[in-house]
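Heads up, the thing below is written out as structure tokens.
Both ligands and their constituent atoms are indexed starting at 1 by order of listing. We use all heavy atoms of the structure for the numbers below, so side chains are in, but hydrogens, waters and symmetry mates are not.
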Amino acid sequence: MPEILVLYYSRGGSVAKLARQIARGIGEVDGMTARLRTVPPVAAVTHPDEARASAPPVPEDGAPYVERRDLAECAGLLLGSPTRFGNMAAPLKHFIDGLGAEWASGTLVGKPAGVFTSTATMHGGQESTLLSMLLPLLHHGCVVAGIPYTEPALGRTRGGGTPYGASHVAGSGDDPQPSDDEAQLARALGRRVATLAGLLSR
Ligand SMILES: Cc1cc2nc3c(=O)[nH]c(=O)nc-3n(C[C@H](O)[C@H](O)[C@H](O)COP(=O)(O)O)c2cc1C
């Protein structure tokens, strides 16, 4: 059965909850299943002596860490990250920066892809983060998918959810629970990428 990779970093759980909604959406498409994966945290190194593994070999809970074969085996992918100063978080960027071999061999060329994020504040950079996450996907030859306004929740949402990708506004209390509209839009993005993957792999 074709699998769609849902690859994310999440420290507080907001992006992880969106990832689960996206996975539900993928599962709603006949013959498609989601493969949830995460990336390890990274630590700033201020002295060479401090260079060392910053994460356990497997996560203590949640999705397993991504492996290179996940990229090769997926029929499509979704990338998720919290917004950090209007951009994606370093652990996801660190992982993407290590994908030179995949870029050279065209591992992701022609695969549909989408993105998702979470912010604390409504205007704290969701759109800049989502758009910047699409850039490496374009370099890798992915067929980029957003969320069309034919999704009723997109015109209705008072929180996250954008044409550039799925999102959640966690607020000052960092509430990880997506609103109904945010969850609907995340599922819609998952369904869309999975549907496109089915069409493109014919
Ligand atoms: C270093 C740092 C930078 C952040 N930058 C932003 C930002 O630019 N805009 C914003 O609204 N929230 C920002 N946040 C808040 C996170 O994006 C927000 O809490 C998000 O929901 C966390 O996702 P997670 O629960 O999946 O880790 C920042 C948080 C940290 C720790």
Side-chain angles (χ1 to χ4, degrees), residues 4-27 34-46 50 53-56 58-66 70 74 77-98 113-137 146-147 153-154 156-190 193:
I4 305 296
L5 177 63
V6 183
L7 174 61
Y8 65 92
Y9 175 69
S10 179
R11 199 170 71 177
S14 290
V15 173
K17 281 195 184 289
L18 276 184
R20 283 195 279 279
Q21 292 297 327
I22 286 169
R24 271 184 59 185
I26 292 166
R35 188 186 291 193
L36 281 159
R37 293 291 184 268
T38 187
V39 293
V42 293
V45 174
T46 53
E50 290 180 39
S54 61
V58 288
E60 280 155 22
D61 53 20
Y65 290 140
V66 65
D70 295 320
C74 72
L77 72 160
L78 290 118
L79 292 182
S81 168
T83 287
R84 294 273 165 91
F85 307 120
N87 212 321
M88 80 177 92
L92 187 65
K93 182 68 163 57
H94 183 68
F95 175 74
I96 292 171
D97 285 358
V115 291
F116 55 107
T117 191
S118 175
T119 57
T121 58
M122 183 74 92
H123 304 290
Q126 297 210 334
E127 296 182 357
S128 58
T129 300
L130 292 169
L131 289 168
S132 67
M133 290 170 74
L134 292 175
L135 299 180
L137 292 172
I147 304 174
L154 196 53
R156 189 175 61 214
T157 178
R158 292 280 176 245
T162 83
Y164 315 104
S167 62
H168 166 59
V169 179
S172 53
D174 234 0
D175 179 1
Q177 194 62 42
S179 69
D180 285 351
D181 286 337
E182 290 170 341
Q184 273 182 40
L185 291 166
R187 290 197 296 276
L189 183 63
V193 170

Polar pairs, ligand 1 vs protein, N/O only, below 3.5 Å.
residue, atom, partner, partner atom, Å
ligand 1, 5 (N), Thr83, O, 3.4
ligand 1, 5 (N), Phe85, N, 2.9
ligand 1, 8 (O), Phe85, N, 3.0
ligand 1, 8 (O), Gly86, N, 3.1
ligand 1, 8 (O), Gly124, O, 3.3
ligand 1, 9 (N), Gly124, O, 2.7
ligand 1, 11 (O), Ala120, N, 3.2
ligand 1, 11 (O), Thr121, N, 3.0
ligand 1, 11 (O), Thr121, OG1, 2.8
ligand 1, 12 (N), Ala120, N, 3.2
ligand 1, 14 (N), Thr83, O, 3.4
ligand 1, 17 (O), Thr83, O, 2.7
ligand 1, 17 (O), Ser118, O, 3.3
ligand 1, 19 (O), Asp174, OD1, 2.7
ligand 1, 19 (O), Asp174, OD2, 3.2
ligand 1, 21 (O), Ser118, OG, 2.7
ligand 1, 25 (O), Gly12, N, 3.2
ligand 1, 25 (O), Gly13, N, 3.1
ligand 1, 25 (O), Ser14, N, 3.0
ligand 1, 26 (O), Ser10, OG, 2.6
ligand 1, 26 (O), Ser14, N, 3.3
ligand 1, 26 (O), Val15, N, 2.9
ligand 1, 27 (O), Arg11, N, 2.8
ligand 1, 27 (O), Gly12, N, 2.8

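When atom types are taken as modelled, the side chain of Thr38 and the backbone of Tyr65 share no donor-acceptor pair closer than 3.5 angstrom. Side-chain atoms of Glu182 come within 3.5 Å of backbone atoms of Val169 as a donor-acceptor pair (strictly under, hydrogens ignored).
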Step by step, would you call Ile26 with Val193 a side-chain contact (heavy atoms from CB on, under 4.5 Å)?
CA-CA 8 Å; Ile26 292 166; Val193 170; 6.0 Å; no
Just distance, no hydrogens or angles: give the donor-acceptor pairs under 3.5 Å from side chains in residues 10-22, sequence neighbours left out.
residue, atom, partner, partner atom, Å
Ser10, OG, Gly13, N, 3.0
Ser10, OG, Ala16, N, 3.4
Gln21, OE1, Arg187, NH1, 2.6

Please list, one pair per line, the donor and acceptor atoms closer than 3.5 Å that link side chains of residues 115-122 to other protein atoms, with sequence neighbours excluded.
residue, atom, partner, partner atom, Å
Thr117, OG1, Ser81, O, 2.6
Thr117, OG1, Thr83, N, 3.4
Thr117, OG1, Thr83, OG1, 3.1
Ser118, OG, His168, O, 3.4
Thr119, OG1, Thr121, O, 2.7
Thr119, OG1, Gln126, NE2, 3.0
Thr121, OG1, Gly124, N, 3.4

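Looking at residues two or more places apart in sequence or on another chain, you find a salt bridge (charged side-chain N to carboxylate O under 4.0 Å, His left out) between Lys93 and Asp97.
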